[in-house]
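Read the structure below first, then the notes.
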Amino acid sequence: MQIICISCHSYGYGKELAEKLASELGYDHIAREDLADQATERGIPVGKLETAILKHQLITEELSIEIERFKAFITAEICKRTKKSGVVYHGRMGHMVLQGLPNVIRIRATSDEKERINRVMQRMNLNSKQAKNYIEQVDEDRCRYTKFFYNVDCNEPTLFDLVANSTNLSIENSVTALINLTKLPEFQPTPESNKKIEDLLLQSQCRLAIAEDARTRVAKVDVRAYQGNVSLTYLPAFVKQAEFIPQVLKKIENMRSLVCTMAATNILCIQERFNPDADTFNYLVEIAGKWNASVELVRLVHQMRDDKVLQKEEIDQAKFSDREKNGGILDDTSETEEDEKDKYGVPETINRLIQVGRAGAVNTIYGGVQPLANMVKSSKGNCLVVVGDVFLSSGSASQKRMKRDLISLLSDQSRVPVISSDDLKEQYLFGPKQRIKTLVFALISVLLFYFVFTNQELILKFLTPSDTEFKILAVLIIAFSVPLAAYVIGNLWHNILKLVKLE
Amino acid sequence: MGLEYFIDISWSTAAQVVMLGFIGGILSGFIGSGGAFFMTPGMMNLGVLGPVAVASNITHKFGKAMVGSKRHSELGNVDKKLSIFMLITAALGIRLAVMVMKFMFEGKEGHSAATSAGADLYISLVFVIVLTIVSISMLRDINKSRKKLDKGPSRKIVEFLSKHKLPPLIYFPVADISVSLWVVLIVGLACGYLAGTIGVGGFIGVPAMIYVFGASASVAAGSELYLAMYMGAFGAINYAFEGLVDIRLTLLLFIGSLFGIYIGAYGTKVVKEVSIRLVTAIIILLCVVSRFIAIPVYLQQLGIVDMDPANNVYFNFASKAMLYLSGISGGLLILFYVFKAYFHRRKIQASFSAEYPLTLKEKLAEENL
């Protein structure tokens, strides 16, 4: 079913718009406030979470688990209701609640500041200045809240499909325009999007179950579902709780398989097509093994509106639909080469990752570079982002340029290193270059110690002079030689540990 | 300064300094603070004069923090703005500490333990008082948080300061916190003074950033390392000017600590936050006890207490034993966690090849659930 998500500025007219639109379309209207009340009744400390975020308090491990629980609750509720009818959701983070789901209409409702101030003055009996301050404060709080939950700027325009401004457009006309928007092919539910909703529902139900069971509630886990198969990664510190996870998830319906991976961190691998036999994949698995990391596959569909791609997606959706009853990443039935090719190598690659115990999640990002950047920015727990084969439809030269630009953009958005798959081996594995470097560092270290310890008296005398000029010289020598020695010895140990695969 | 202030380094002494550096490095990588609380008194127990031990350690800290902050910076854990603001007064604090230390040394003649007894007593007293407060506060906080659902560090100071909003407030983007300039400057001064006096800056800087500023643990550790790099550089320059740096000790510390720091950092990935804080508090407390035991020796050397000098050897031995007990047991505990996690990982990896591709139903059937 169709999903429309509306977020608004404080005292915009989001609520009115959502109610009217839902009533005109005959859809179910869900307000964030109602979900927050239900979550509180269920035992999620929503009030405490809001206070902690808005008052700049430290978010403890316990609270961060409650945040995940709250997010999972909201997602599960929307997905559940979507199965029965179309849904209009309205809330302060409306545009972010179903992240990564295609075909969702994301609307920002707003009106100019003057109109909003007037509304506050009338409703709260404040003067103009007080009302302005109040609106600014609430907007700032909302942005902080969104930033905290999803690590995005709440006013980022690329996160919305349309902005409806009540200053120039009445609510009735906005509703008419939005009804027409819902008829566009881009926003129609497809077998692919339905499958994604099923996966999102499954994913959030699993997360909720883990957070609400006494045996597993403290465990920090990342749960992802792909075609009914759940992959779950947990930190080594929660190995005891993880043992109970299969029992806890036993009650979840529609789960076809469960893979639990212990991982200290996560590596994001962004490509258009995946190939488990490629060198890049082998390097990734080796690095993930060394770092105790899971590998998350992110497939980039960079031109969704492009006819060729759209056509391809439609073929893809049809194939997925056919396989709905009997297919999936752990399906035993044999598949033709063409089937595999049409799924961009994702199932084969994720299967191989499961085999080696490194499976993370699978994500598909539609719409190009900006949504990908938003996704990378908002994802947590990563230690490395690897950009592989992307922009395959472009020529070789422009492919290289676009890939370089993408890496640069992602580096700006991400707090972890972003590198090209071509540099993986050189930077993170122990190749001939590293062997030579290690030898050089070892040689310099030996020479340094030999020189210092065979000339102890001379060096100490030189470094403890009584004349001011020589004192300055001694200071300069220490100021330059100490960091150099730290650099050489540090790199020597780093390379040795890399060599013995203990990083 | 003359050469008589520096000790002879035998193979055995060198090995002990490397070991001190290794354990200090493990602790430093694990708990995010410099490990100086272990290395400074450890070198003093080997016969290194207090000011020389502090000077050599702070010079070692300069290089080590540079390597560490580079790695933290790659992970986005460094709030450079916060570190630079703290640095303004931290540099002042270090200079003050060096002046006090120099004053304690001036006027002394000859080379004997008694020459540096005043400075050693002063260093030990500051060490005992400051770190007792830090460790007891940590233990109290852990105890409180165990009783509550919320297991995070106390927020009382942050909440108190955020209520009063003493202007001007400065926003620090990476840590995502707003703190009064005056609070930042005062904390910077304290960090600098303690770094200059006992070579311990991280034990004040990291908790201050968490408990007073409200920064997250990872950003606090990264930013403190960045600050430590400058403080270490400033301290090293000051002490080098006074001729107190023993470059041989600094190099030996590097060998151990730059290896240990990688092992300790791995440990943080496999141990729960509350356990890390507990181990940290216990290790600090044991170090405090070690230094406390050594205080009567300095009092005797200064003639403040009437004690048979023959007993000094026992006090020194007990102090050294306690220090090694705390460092080695802490280091072994961390190594235990590291290897336990390593072998568990190997076991899980091995089990995958056997389990795959079991479905959930099959798994549950196997477990008779």
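Every value quoted in this text rests on a predicted model; they were computed, and no experiment measured them. Hydrogens, waters and symmetry mates are skipped; everything else that's a heavy atom, side chains included, is used. Naming convention: chains lettered A, B, ... in sequence-line order (proteins, then strands); numbering from 1 in each chain.
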Quiz item: Looking at B/I255, B/T59, B/T250, B/I237, which has the largest count of heavy-atom pairs under 4.5 Å with chain A?
Solution: B/I255

Quiz item: Within a strict 4.5 Å, meaning less than it, do heavy atoms of the B/L251 and A/V452 side chains meet?
Solution: yes

Exercise. Tell me, for A/L476 versus chain B, whether the close heavy atoms (under 4.5 Å) come from the side chain, the backbone, both or neither.
Key: neither

Quiz prompt | Interface moiety of A/F470 toward chain B, non-hydrogen atoms closer than 4.5 Å | solution = neither

Exercise. Under the side-chain hydrogen bond (donor to acceptor under 3.5 Å, both in side chains) rule, what do A/R217 and A/Q241 come out as? Steps first, then yes or no, please.
Key: CA-CA 8 Å; A/R217 64 180 310 170; A/Q241 288 80 7; over 6 Å; no

Practice problem: Check whether any side-chain heavy atom of B/L169 sits under 4.5 Å from a side-chain heavy atom of B/V179, and report yes or no. | Solution: no

Practice problem: Give a yes-or-no answer on whether the side chains of B/D246 and B/S56 include a donor-acceptor pair shorter than 3.5 Å. | Solution: no

Self-check item: Part of B/L252 lying under 4.5 Å from any heavy atom of chain A
Solution: both

